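Following: one structure in structure tokens, then a few remarks.
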Amino acid sequence: MSRIHIPVDELTDTMDALKDIRERIEKTAKLGNVGSDEDVGDSGLISAVNGFDGAWSAGHERVKENVDTFKETAQGIVDNFTDTDNKAAKALDESA
């Protein structure tokens with residue numbers, strides 16, 4: 001019989017860290033509206049800043065999606081192995 005060790009405590013810590021990462025990303029400042037041509041004086045600069053901000057926001061959304069997916073997967077592992085462990089312990093108790 002082989003033993004499978006699932007580091008549930010470490011996975012739980014990882015899920016907490018992922019939650020923290022996601023919250024930090026949510027709080028990241030956005031450049032927002034740079035202003036008009038009159039405010040800045042260069043439409044190319046406005047376009048570049050808006051393009052950068054859009055790409056930055058899209059990157060943040062992708063990271064948040066990945067964090068959520070990883071967190072859900074880790075939670076699924078913890079839930080499944082905990083459930084399996086509880087069922088095995090119950091079956092052993094009932095057979096004793």
Side-chain angles (χ1 to χ4, degrees):
M1 178 188 241
S2 63
R3 289 183 164 212
I4 299 175
H5 174 71
I6 302 300
V8 174
D9 291 337
E10 288 87 352
L11 282 173
T12 302
D13 291 344
T14 300
M15 288 184 290
D16 290 341
L18 289 170
K19 180 181 173 190
D20 183 54
I21 289 168
R22 193 176 201 300
E23 288 173 357
R24 287 174 186 240
I25 291 171
E26 288 286 333
K27 293 178 185 175
T28 302
K30 294 182 177 24
L31 297 175
N33 190 356
V34 178
S36 67
D37 287 347
E38 293 174 4
D39 295 331
V40 178
D42 184 356
S43 63
L45 177 61
I46 292 171
S47 177
V49 169
N50 287 333
F52 175 84
D53 195 41
W56 185 263
S57 295
H60 279 193
E61 288 303 315
R62 181 75 177 138
V63 169
K64 288 191 294 187
E65 290 171 8
N66 290 339
V67 165
D68 290 344
T69 299
F70 188 68
K71 185 176 177 289
E72 289 168 11
T73 301
Q75 185 65 57
I77 291 168
V78 168
D79 291 346
N80 286 324
F81 276 93
T82 300
D83 186 48
T84 300
D85 190 48
N86 289 339
K87 287 178 182 176
K90 183 179 178 183
L92 288 172
D93 287 343
E94 289 173 356
S95 67

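These numbers were taken from a predicted model, which means no experiment stands behind them.
Using a 4.5 Å heavy-atom cutoff, the side chains of R22 and K71 are not in contact.
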Item to check | Derivation of the side-chain contact (heavy atoms from CB on, under 4.5 Å) call for D16 and D20 | outcome: CA-CA 6 Å; D16 290 341; D20 183 54; over 6 Å; no
Item to check | K87/D83 under salt bridge (Lys or Arg N to Asp or Glu O under 4.0 Å): CA gap, chis, key distance, verdict | outcome: CA-CA 6 Å; K87 287 178 182 176; D83 186 48; 3.2 Å; yes
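Taken to the nearest 0.5 Å, the NZ atom of K64 stands 8.5 Å off from the OG atom of S57. For the atom pair CG of N66 and CD of E61, the computed distance is 11.5 Å after rounding to the nearest 0.5 Å. Atoms CG and CZ, on L11 and F81 in that order, are 10.0 Å from each other to the nearest 0.5 Å. From I21, atom CD1 reaches atom CG of D68 across 11.5 Å, with rounding to the nearest 0.5 Å. Rounding to the nearest 0.5 Å gives a distance of 15.0 Å between NZ of K19 and OG1 of T14.
A donor-acceptor distance shorter than 3.5 angstrom exists from the side chain of S95 to the backbone of L92, with no hydrogens or angles considered. A donor-acceptor pair under 3.5 Å links the side-chain atoms of N80 to the main chain of G76, judged by distance alone.
Closest of all the heavy-atom pairs between V78 and M15 is CG2-CE, 4.1 Å. The shortest non-hydrogen separation linking I77 to I6 is CG2-CG2, 4.0 Å.
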